[in-house]
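Everything below concerns the one structure shown next.
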Amino acid sequence: MDFSLSDEEKAIRDTVRTFIRKEILPLEQEVLRRERNHQPSLDRSELRELQLKAKKFGFWGLSTPEEYGGMNLPAVMQSLIWTELGRSFVPFRFGGEADNILFYANEEQKREFLLPTIEGDRISCFAITEPGAGSDAANIKLSARRDGDDWVLNGEKTFITNGNDADFAIVVAVTDKEKGARGGGTTAFLVDRAMGWRSEFIQTMGEGGPASLVFDNVRVPGRNILGEIGQGFELGMQWIGKGRYTIPSHALGIAERALQMAIDYANTRETFGKPIGVNQAIQWMIADSETELEAARWLVLRAAWTVDQGLDPRHASSMAKLYGAGMVNRVVDRVLQVHGGMGYTRELPIERWYRQVRLYRIFEGTDEMQRLILSRDLLRGYTMIGGHLA
Ligand SMILES: Cc1cc2nc3c(=O)[nH]c(=O)nc-3n(C[C@H](O)[C@H](O)[C@H](O)COP(=O)(O)OP(=O)(O)OC[C@H]3O[C@@H](n4cnc5c(N)ncnc54)[C@H](O)[C@@H]3O)c2cc1C
């Protein structure tokens, strides 16, 4: 068994690390200052400028197929890169990306939605959650009624990331109530903001924030259906599936950076005439954090590896998301504790991470939903204990 990275993986990871050190880390103090003043961390043009710089470094479209100018990197490589990105709290992400399900677009839709999204000229958001349907996404109610060649959308979506900035939304709507979501009763629509939906920012404990989207007789032409009629729920589950290994990959980077801060502080902060790191109480927090971090790393890499092998990644990804999200919450909490009162201030990014990572246990499938998936797979015999090594 070989646990090492290939030379290529190391080289790409190190190039990303250099980019983050040179271009992203220097922005951190300004980002903290802006957030303390309730301003956006980065505006759209600043993000775009950084993405174009990254493009010169060779990073553009990590998951985008080469025919669209992307790198089409294997999932393990993408996971390693997400971990590097997690080391900084500056909300930077590489450009040249589009929602995975936008690649189901037909040629006309590709020109209108996919290509401008990849280029960064248009911003998308993905909307399935509703006030009455989150974990139980199959219970959505936003309706699309056929009217001639058009469809008329009515209802509300909530907690939609980028919802306030997006130029268009990928909306999963009920097109056949009788069939239900799992029986082909939902369809995904590409809906321009100009077609008339409204968005309202939702205040959360994190920086930035999602939005609710209101559809009040929004008329959408039939040519704006993404994929097939009846495929909406399936596409929605594919969209969510991607985050199941990228979210915990990002969590690894946050935990690594935060833990290093705790180690440095434990070695330098003195109480009772000695560094706090000589105390077992502090040592155990550091030891437990590293152990959990490593356990999460191998779950995450196995999930990504499963994707690359063309195997069904759902079970491994749920495990990685469940454990990785919990791990980063526990690590950041300990790191805050090690820093005492300083950990609680807004001078350091620790309290920011504390707020940010709480979300990781909620979005794209709560802890409870991951447990539901894992236990169901075992109870029904879909998977064996031990996964591919069983
Ligand atoms: C910041 C943020 C960004 C988001 N971005 C998006 C986005 O871009 N697009 C989008 O469509 N959605 C998005 N979401 C929505 C997110 O996916 C949902 O909030 C999440 O799936 C949980 O749904 P809910 O909030 O309705 O909670 P509920 O489903 O109401 O659940 C409430 C609680 O009950 C638990 N629970 C529910 N059912 C069960 C059960 N059967 N057994 C045990 N426990 C159960 C849940 O785990 C949770 O703890 C976002 C949410 C947030 C907060």
Side-chain angles (χ1 to χ4, degrees), residues 35 40-41 89 91 93 97-102 117 123-142 153 155-174 181-182 186-191 193 197 199-215 226 232-244 246-248 250-251 254 314 317-318 321-323 325-326 328-329 352-380:
E35 289 176 353
S41 329
F89 53 84
R93 57 184 188 277
E97 292 283 318
D99 308 74
N100 54 355
I101 58 173
L102 259 188
T117 304
I123 296 182
S124 65
C125 65
F126 166 76
I128 189 164
T129 304
E130 297 182 3
S135 302
D136 186 10
N139 192 33
I140 56 168
K141 298 279 187 279
L142 187 144
L153 271 56
E156 187 180 340
K157 296 291 181 186
T158 193
F159 293 135
I160 307 306
T161 302
N162 283 339
N164 232 14
D165 305 315
D167 302 300
F168 71 97
I170 308 171
V171 182
V172 183
V174 177
R182 290 196 174 83
T186 62
T187 301
F189 291 87
L190 298 165
V191 193
R193 188 181 284 271
W197 52 270
S199 65
E200 200 166 310
F201 184 78
I202 301 171
Q203 297 276 354
T204 65
M205 66 191 275
E207 300 298 333
S212 60
L213 316 185
V214 177
F215 295 78
L226 178 65
F233 189 70
E234 186 195 319
L235 291 178
M237 292 306 106
Q238 272 190 43
W239 187 92
I240 287 168
K242 174 115 199 267
R244 298 259 159 102
T246 54
I247 291 168
H250 198 246
I254 296 173
R314 285 175 294 184
S317 300
S318 280
K321 165 82 166 54
L322 172 65
Y323 191 78
V328 74
N329 274 273
R352 184 194 189 285
W353 280 318
Y354 190 83
R355 289 181 285 116
Q356 177 188 348
V357 301
R358 192 61 186 80
L359 176 64
Y360 291 20
R361 295 183 52 205
I362 296 171
F363 72 167
E364 301 193 27
T366 61
D367 283 2
E368 292 72 27
M369 288 305 107
Q370 308 309 331
R371 288 194 175 99
L372 192 129
I373 293 166
L374 293 169
S375 59
R376 185 193 54 200
D377 287 352
L378 289 170
L379 289 165
R380 294 187 186 168

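Just follow the structure's listing: the first ligand is 1, and inside any ligand the first atom is 1.
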So does Glu35 pair up with Arg352, basic N to acidic O under 4.0 Å?
yes

Looking only at protein heavy atoms, identify the closest one to [atom] and say how far it is in Å.
atom	answer
atom 50 (C) of ligand 1	Phe159 O, 3.1 Å
atom 36 (N) of ligand 1	Met369 CE, 4.1 Å
atom 43 (C) of ligand 1	Glu368 CB, 4.0 Å
atom 28 (P) of ligand 1	Ser135 OG, 3.7 Å
atom 16 (C) of ligand 1	Thr129 OG1, 4.0 Å
atom 8 (O) of ligand 1	Thr161 N, 3.0 Å

Return a yes/no value for [X]: is any of its N or O atoms, backbone included, closer than 3.5 angstrom to an N or O of ligand 1?
X	answer
Pro210	no
Thr204	no
Glu130	no

Considering only heavy atoms of [X], which atoms of ligand 1 have at least one such atom less than 4.0 Å away?
X	answer
Leu359	1 (C), 2 (C), 52 (C), 53 (C)
Glu364	17 (O)
Ile362	20 (C)

For Trp353, which of Asn329, Val328, Ile254 qualifies under side-chain contact (heavy atoms from CB on, under 4.5 Å)?
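The residue from Asn329, Val328, Ile254 that satisfies side-chain contact (heavy atoms from CB on, under 4.5 Å) with Trp353 turns out to be Ile254.
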
Are there protein heavy-atom neighbours of atom 33 (C) of ligand 1 below 4.0 Å?
no

For atom 46 (C) of ligand 1, the option (of Thr366, Ile160, Asp367) bearing the nearest heavy atom
Thr366

Give, for atom NZ of Lys321 and atom CD of Glu364, the distance between the pair rounded to the nearest 0.5 Å.
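Reported to 0.5 Å precision, the distance equals 7.0 Å.
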
